[in-house]
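Here is how names work: the chains are called A, B, and so on, in the same order as the sequence lines, proteins then strands, and each is numbered from 1. Values below: every heavy atom of this structure, side chains too, minus hydrogens, waters and symmetry copies.
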Amino acid sequence: GENVEQHPSTLSVQEGDSAVIKCTYSDSASNYFPWYKQELGKRPQLIIDIRSNVGEKKDQRIAVTLNKTAKHFSLHITETQPEDSAVYFCAASWSTGNQFYFGTGTSLTVIP
Amino acid sequence: GAVVSQHPSWVICKSGTSVKIECRSLDFQATTMFWYRQFPKQSLMLMATSNEGSKATYEQGVEKDKFLINHASLTLSTLTVTSAHPEDSSFYICSARLAGLSFTDTQYFGPGTRLTVL
């Protein structure tokens, strides 16, 4: 089965700085990679996703890059704000309709 | 749109009893729903894939007789934790797939159910 690793497990940045979270996956058949933000006690919320036919996708301050050859993908948050503080999970799947395999999560703290 | 609800949001039960958790897609039909388990400060672990009208597919290590999943309609899947024990205490989250239009073809998560077994 798929194995997704995520680093770092915790990340602290000053407000306004950038944050980068990296994930690697093992199954070359995976072709859909969503990122979720989860606040304490709440449901995961999809913040951005990327499919394998695309190398990069951006949505305002958030971007995701994918390197299929190396089997890794990264989340980039620029101009971080305190409300970005949360746990972020990456996931990999064969498709949007198949089960997601999640990374271990990154607890991001943005220091005002 | 694409709202998924879960009921109850939290439940406390005695050891040995069974607990049923409902997952509903409120404004769309979901042929596939997924059940995850999350321990404090840990990741979401996929338990099973639930397909409407057929038996659920369980991940390795998940006891199908203990975690009964039923997906009787396109908007409802249920997870029953049978003979619950304290080690079953966890946060259970479902997700439902919104299929059809490519730009919306993804999974949406319910708010989760916190189960505490005394």
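Follow the hydrophobic side-chain contacts under 4.5 Å out from A/F73 and you reach A/L108 in the same cluster. The hydrophobic clustering, which links ILVMFWY residues whose side-chain heavy atoms are closer than 4.5 Å, places A/F33 and A/I62 together. Residues B/L44 and B/M33 do not share a hydrophobic cluster, clusters being chains of Ile/Leu/Val/Met/Phe/Trp/Tyr side chains in contact below 4.5 Å. Using a 4.5 Å cut-off between side-chain heavy atoms of Ile, Leu, Val, Met, Phe, Trp and Tyr, with links allowed through other members, A/V54 and A/L66 fall into the same hydrophobic cluster. Taking hydrophobic clusters as Ile, Leu, Val, Met, Phe, Trp and Tyr residues chained together by side-chain heavy-atom distances below 4.5 Å, A/V13 shares a cluster with A/I47.
Other residues, nucleotides and ligands contribute more than 12 heavy atoms inside 6.0 Å of the CD atom of B/E87. Within 6.0 Å of the CD atom in A/Q81, the count of heavy atoms belonging to other residues, nucleotides or ligands exceeds 12. For NZ of B/K66, the number of neighbouring non-hydrogen atoms (other residues, nucleotides, ligands) closer than 6.0 Å is greater than 12. Counting heavy-atom neighbours within 6.0 Å of A/K68 NZ, excluding the residue itself, gives a total above 12.
Looking at B/Q60, neither its backbone nor its side chain comes within 4.5 Å of chain A, counting heavy atoms on both sides. Heavy atoms closer than 4.5 Å to chain B are found nowhere in A/Q45, neither backbone nor side chain. For a residue to count as touching a neighbouring chain, one of its non-hydrogen atoms must lie under 4.5 Å from one of that chain's; by this rule B/Q6 does not touch chain A.
Side-chain contact between A/Q99 and B/W35 is absent, with no heavy-atom pair separated by less than 4.5 Å.
Closest approach of B/I93 and A/P44 over heavy atoms only: CD1-CD, 4.0 Å. Among all heavy-atom pairs drawn from B/Q42 and A/F89, the shortest one is O-CZ, 3.8 Å. The shortest non-hydrogen separation linking A/F102 to B/S43 is CB-OG, 3.4 Å. Nearest heavy-atom pair across B/F91 and A/Q38 is CE2-NE2, 4.3 Å.
For A/R43 (side chain) and B/V4 (main-chain N/O), a donor-acceptor pair under 3.5 Å exists by modelled atom type.
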Report the C-alpha separation of A/Y101 and B/M45 in whole Å, then their side-chain angles, then the decisive distance to 0.1 Å, and conclude whether the side-chain contact (heavy atoms from CB on, under 4.5 Å) test is met. CA-CA 8 Å; A/Y101 292 95; B/M45 298 298 296; over 6 Å; no
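Aromatic rings of A/Y36 and B/F109 (six-membered ring for Trp) have centroids within the 6.0 Å cut-off, being under it.
Here the CG-CD distance, from B/L46 to A/E2, works out to 12.5 Å after rounding to the nearest 0.5 Å. Note that CG of A/L40 is 8.5 Å distant from NZ of B/K41, once rounded to the nearest 0.5 Å.
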